[in-house]
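Note on naming: letters A, B, ... go to the chains in the order of the sequence lines (proteins, then strands), and numbering restarts at 1 for each one.
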Amino acid sequence: MVVPAPYPAAFFDRPVLAVAPDLLGATVRHGPVAVRITEVEAYGGLDDPASHAFRGPTPRAAVMFGPPGWAYVYLSYGIHWCLNIVCGPVGEGTAVLLRAGEVIAGREAVQACWPKLAARDLARGPGRLGRVLGIAASLTATPVTGGGPLVVHPSPPAGELGDGRGPAAAVPGAAGERIERGPRVGITAATERPWRFWLVGEPSLSAARPRHRRR
DNA sequence: ATTATGATCGTCT
DNA sequence: GACGATCATAATG
């Protein structure tokens with residue numbers, strides 16, 4: 001089994017609106033579990049009222065102003081641990097929120113933990129994605145570029161990454177897939193910015209998932 | 001099928 | 001002291 005090298009810090013040291021779509025189709029790994037990212041949101045710095053970085057480097061948001069390629073983990077609604085990757089140069093305060101994905105490694109163990117969920121729902125939504133990966137507060141301010149417990153790397157061809165990837169999931173891969181964008185979800189400020197990105201046709205999307213039409 | 005509500009706690013006002 | 005970058009469950013059409 002070949003595991004690709006992580007994306008280098010330079011990959012994340014770019015405008016957040018450039019990094020966000022580039023993360024679609026990439027893989028996040030933590031221990032035995034890996035998730036192929038299908039939906040993300042971009043969050044700005046001091047200029048984005050919806051961002052945790054909007055009020056400057058507070059104790060919580062200070063990580064966002066740190067080096068690109070570091071994880072920013074926060075607790076949502078007192079319950080869910082959500083995962084971001086810091087982007088741009090030090091001091092900018094931007095990050096990409098990982099909102100949904102497809103479990104491509106360690107799926108059997110994950111399925112055993114949540115047997116009532118369909119495979120496509122296991123990492124659908126930022127809270128579930130974090131839960132499946134075992135995201136914890138201790139992972140904030142650690143690099144995802146290698147050397148840490150959390151790693152982001154290009155997705156290998158279907159089947160080369162452990163169990164769980166059936167032929168039906170052997171999608172064309174990030175390169176050939178279409179990307180759409182739209183408004184971010186769950187925020188009350190700057191709702192007009194189309195800073196949410198997703199892979200067209202993925203069954204694991206957290207919102208606006210195409211319901212099959214009745215006839 | 002959609003809509004309502006409770007859970008639960010760190011962060012910032 | 002109010003409010004979330006959410007989700008599971010229950011109630012209702």
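- Atoms CH2 (A:Trp81) and P (B:dT11) sit 8 Å apart, rounded to a whole Å.
- In this structure, A:Arg128 reaches the C:dA8 phosphate: one of its side-chain N or O atoms is under 4.0 Å from OP1 or OP2.
- Among the candidates A:Arg120, A:Arg124, A:Arg36, A:Arg107, the single residue satisfying the side chain to side chain donor-acceptor pair (under 3.5 Å) test with A:Glu102 is A:Arg36.
- Spacing between atom CG of A:Leu75 and atom P of B:dT11 amounts to 8 Å, rounded to whole angstrom units.
- Put simply, the side chain of A:Ser204 never gets that close to the backbone of A:Ala100: no donor and acceptor are under 3.5 Å apart.
- Taking atom CZ of residue A:Arg124 and atom C1' of nucleotide C:dA5, one finds them 17 Å apart after rounding to whole Å.
- In this structure, CZ of A:Arg184 is placed 17 Å from C1' of C:dT6, rounded to the nearest angstrom.
- Under the stacking definition used here (centres under 5.5 Å, planes under 30°), the residue A:Tyr43 qualifies as stacked on the base of C:dA5.
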For this session: Please test A:Trp70 against A:Val144 for side-chain contact (heavy atoms from CB on, under 4.5 Å), starting from the C-alpha separation and ending with a verdict.
Result: CA-CA 6 Å; A:Trp70 283 26; A:Val144 303; over 6 Å; no

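- The side-chain hydrogen bond (donor to acceptor under 3.5 Å, both in side chains) analysis of residues 83-98 of chain A, with sequence neighbours excluded, yields the pairs A:Glu92-A:Thr94.
- For the pair A:Arg99 and C:dT6, the criterion of a side-chain N or O lying under 4.0 Å from OP1 or OP2 is met.
- Shown here are the side chain to side chain contact (heavy atoms under 4.5 Å, CB included) partners of A:Ala20, two or more places apart in sequence or in another chain: A:Val40, A:Ala42, A:Val96, A:Phe197.
- In terms of modelled atom types and a separation under 3.5 Å, the side chain of A:Ser155 and the main chain of A:Gly25 share a donor-acceptor contact.
- Paired with A:His52 under the rule side chain to side chain donor-acceptor pair (under 3.5 Å), one option of A:Tyr74, A:Tyr72, A:Tyr43 passes, and it is A:Tyr72.
- Side-chain atoms of A:Ile79 lie closest to B:dA7 of the nucleotides C:dT6, B:dA7, B:dG10.
- Between A:Ile187 atom CD1 and C:dT6 atom P the separation is 9 Å, expressed in whole Å.
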Problem set entry | Dot-bracket notation for DNA chain B, counting Watson-Crick and G-U pairs under 3.5 Å, with | for partners on another strand | |||||||.||||.

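- Nearer the 5' end of DNA chain C, as judged by each residue's closest nucleotide, is the contact made by A:Ala95, out of A:Arg131 and A:Ala95.
- Applying the side chain to side chain contact (heavy atoms under 4.5 Å, CB included) test to A:Asp22 and every residue at least two apart in sequence or in another chain returns A:Phe11, A:Arg14.
- Side-chain N/O atoms of A:Tyr74 and base N/O atoms of C:dA5 include a donor-acceptor pair closer than 3.5 Å.
- Within residues 45-64 of chain A, the residues that place at least one heavy atom under 4.0 Å from DNA chain B are, in residue-number order, A:Arg55, A:Thr58, A:Pro59, A:Arg60.
- With sequence neighbours excluded, the residues that form a salt bridge (Lys or Arg N to Asp or Glu O under 4.0 Å) with A:Glu39 are A:Arg99, A:Arg196.
- The nearest whole Å value for the distance from the CG atom in A:Asn84 to the P atom in C:dA5 is 11 Å.
- The distance from atom CD of A:Glu192 to atom P of C:dA5 is 16 Å, rounded to the nearest whole Å.
- Look at CG on A:Leu129: it is 13 Å from P on C:dT6, rounded to the nearest Å.
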